[in-house]
Number of protein chains: 2
Amino acid sequence: MRLTAKGRYAVTAMLDLAVHQGEGPISLADISERQGISLSYLEQLFAKLRRNELVKSVRGPGGGYQLSREAGTIYVAEIVDSVDERVDATRCAGRANCHHGRECLTHELWTDLSEQIHQFLNNIDLASIIAKREARERADRQRLQQDDIIRLPAKEVEA
Amino acid sequence: MRLTAKGRYAVTAMLDLAVHQGEGPISLADISERQGISLSYLEQLFAKLRRNELVKSVRGPGGGYQLSREAGTIYVAEIVDSVDERVDATRCAGRANCHHGRECLTHELWTDLSEQIHQFLNNIDLASIIAKREARERADRQRLQQDDIIRLPAKEVEA
DNA sequence: TCAATGTCCTACTAAAAAGGTAGGTTATTA
DNA sequence: TAATAACCTACCTTTTTAGTAGGACATTGA
């Protein structure tokens with residue numbers, strides 16, 4: 001599991017699509033402007049996202065991209081994997097200095113951990129990221145209203 | 001949160017230390033041989049790990065490195081952060097095209113997610129990675145013994 | 001029909017990061 | 001005092017990142 005700027009761009013762009021879902025196809029030019037990612041770079045990323053069937057495209061004027069599935073069924077791990085194409089492995093399998101069997105121990109520990117991270121990201125879908133944020137904003141607004149009504153000193157509200 | 005080979009090397013090396021904890025200082029040469037990471041590269045990584053007080057060193061013959069704390073109190077996120085020194089930000093804060101406020105939405109969604117990942121890795125300590133593996137191995141061994149005794153067909157055991 | 005708008009595709013490139021070399025100095029031990 | 005191993009700095013090669021350039025193809029609407 002790698003997690004670089006490339007993956008971040010892809011997730012950000014997919015979130016952008018999710019947020020504007022239902023407004024018809026979204027052009028990469030729009031995303032480029034909104035998210036500050038170069039158009040050509042987005043094109044390369046979306047070529048991969050399309051090959052992995054995470055988005056579908058509409059060509060021609062008024063065209064653009066849409067999520068190919070519901071935002072609630074697209075998981076972060078899929079997105080990251082699509083654009084990052086794990087060269088990975090790096091296993092000591094073919095290594096000369098890894099002959100005693102027990103030596104591989106921590107290598108395997110790492111792959112175990114890596115698998116945990118992957119599963120974690122495989123449980124976070126686009127819709128829930130958006131929902132989580134909206135819930136937080138609602139809570140923030142409510143807290144502010146309470147402040148207005150009860151006029152608690154700021155310090156107590158913090159806690 | 002970045003997650004590259006660099007971070008993997010660091011975590012792997014730290015796991016190696018954790019596994020050999022109690023055997024006195026472990027030299028980087030040992031880790032280099034066991035894990036297949038170049039000595040000089042390890043030196044660079046451990047300079048950072050030491051600055052972040054995750055390991056302590058003993059110089060001279062018989063010297064090496066040891067975890068500065070119990071393996072159960074060292075978390076993966078700390079290790080990754082130590083060596084990866086997030087250039088990060090990449091926030092649109094100073095961006096020209098990010099003026100309408102609402103435009104930043106997905107940027108913020110990403111940082112939210114990033115924070116989630118960070119918290120996840122901040123809850124996994126070295127000892128628990130090792131423990132989890134040992135538990136699994138015990139389970140595997142027991143299953144094998146059961147096979148021996150009951151002689152179930154392999155297919156049923158799988159399920 | 002044709003110009004505009006978009007995806008789609010390939011090749012190239014500048015800059016940064018990853019990963020590794022080289023060549024030391026310093027502290028410690030036997 | 002020789003060997004060991006941390007510690008430090010500068011450099012270098014390769015890979016990856018992020019972006020450019022230039023176009024072909026599909027679709028729309030004027």
Side-chain angles (χ1 to χ4, degrees), chain A residues 2-13 17 23-33 35-66 68 80 82-90 95 97, chain B residues 2-13 17 20 23-33 35-68 80 82-90 95 97:
Chain A
R2 310 183 63 218
L3 209 52
T4 68
K6 197 175 200 165
R8 190 183 66 229
Y9 283 158
V11 173
T12 300
L17 283 189
E23 303 176 17
I26 305 295
S27 76
L28 293 188
D30 284 356
I31 300 179
S32 168
E33 215 203 330
Q35 306 303 335
I37 309 170
S38 95
L39 178 59
S40 286
Y41 200 49
L42 278 176
E43 283 182 348
Q44 287 167 43
L45 294 181
F46 272 78
K48 291 177 182 176
L49 293 173
R50 203 173 71 94
R51 258 176 255 134
N52 283 275
E53 298 184 330
L54 293 177
V55 296
K56 55 189 173 190
S57 62
V58 178
R59 301 178 74 162
Y65 289 91
Q66 281 174 304
S68 63
V80 174
S82 292
V83 298
D84 258 344
E85 55 210 20
R86 46 174 75 275
V87 195
D88 191 83
T90 330
R95 256 304 189 8
N97 55 343
Chain B
R2 309 182 65 219
L3 208 53
T4 67
K6 196 175 200 166
R8 189 182 68 229
Y9 281 156
V11 173
T12 300
L17 283 189
H20 295 92
E23 302 176 19
I26 306 294
S27 76
L28 292 188
D30 284 357
I31 299 178
S32 168
E33 215 202 328
Q35 306 301 336
I37 308 169
S38 95
L39 178 59
S40 285
Y41 198 50
L42 278 175
E43 283 182 347
Q44 287 168 45
L45 295 180
F46 271 78
K48 292 178 182 175
L49 293 173
R50 203 173 71 93
R51 258 176 255 134
N52 284 274
E53 297 185 329
L54 293 177
V55 296
K56 56 189 173 190
S57 62
V58 179
R59 300 178 73 160
Y65 288 90
Q66 282 173 305
L67 300 182
S68 63
V80 174
S82 291
V83 299
D84 258 345
E85 56 209 18
R86 46 175 74 276
V87 194
D88 190 84
T90 330
R95 258 300 191 9
N97 55 343

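Letters go in sequence order (proteins before strands), and every chain restarts at 1.
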Got a sec, which residues hit side chain to side chain contact (heavy atoms under 4.5 Å, CB included) with A:Q44, two or more places apart in sequence or on another chain? A:Y41
Are A:K6 and A:K48 close enough that some pair of their side-chain heavy atoms sits under 4.5 Å apart? yes
Atom [atom1] in [X], atom [atom2] in [Y]: separation rounded to 0.5 Å?
X     : Y     : atom1 : atom2 : value
B:F46 : B:L54 : CZ    : CG    : 10.0 Å
A:Q66 : A:L17 : CD    : CG    : 8.5 Å
A:Y65 : A:L42 : OH    : CG    : 9.5 Å

Mind checking A:Y65 for me? I need base, sugar-phosphate or nothing, with any heavy atom below 4.0 Å counting as a touch.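 It contacts sugar-phosphate atoms only.
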Could you write out each protein N or O paired with an N or O of nucleotides 17-21 of chain D at a distance under 3.5 Å?
{"from": "D:dT17", "atom 1": "OP1", "to": "A:R2", "atom 2": "NH1", "distance (Å)": "3.4"}
{"from": "D:dT17", "atom 1": "OP1", "to": "A:R2", "atom 2": "NH2", "distance (Å)": "3.4"}
{"from": "D:dT17", "atom 1": "OP2", "to": "A:K6", "atom 2": "NZ", "distance (Å)": "3.4"}
{"from": "D:dA18", "atom 1": "OP2", "to": "A:K6", "atom 2": "N", "distance (Å)": "3.3"}
{"from": "D:dA18", "atom 1": "OP2", "to": "A:Y41", "atom 2": "OH", "distance (Å)": "3.2"}
{"from": "D:dG19", "atom 1": "O6", "to": "A:Q44", "atom 2": "NE2", "distance (Å)": "3.4"}
{"from": "D:dT20", "atom 1": "O4", "to": "A:Q44", "atom 2": "NE2", "distance (Å)": "3.2"}

Taking DNA chain D as the partner, which of residues 52-60 of chain A come within under 4.0 angstrom of it by heavy atom?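 DNA chain D contact set from residues 52-60 of chain A: A:R59, A:G60.
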The bend of the helix from C:dT1-D:dA30 to C:dA30-D:dT1, taken between the axes of its five terminal pairs at each end and rounded to 10°, is 10°
A:S68 side chain to A:E53 main-chain N or O, any donor-acceptor pair under 3.5 Å? yes
Would you check if the side chain of B:S32 reaches a backbone N or O of B:I37 as a donor-acceptor pair within less than 3.5 Å? yes
Are more than 12 heavy atoms from other residues, nucleotides or ligands located less than 6.0 Å from atom CD of A:E43? yes
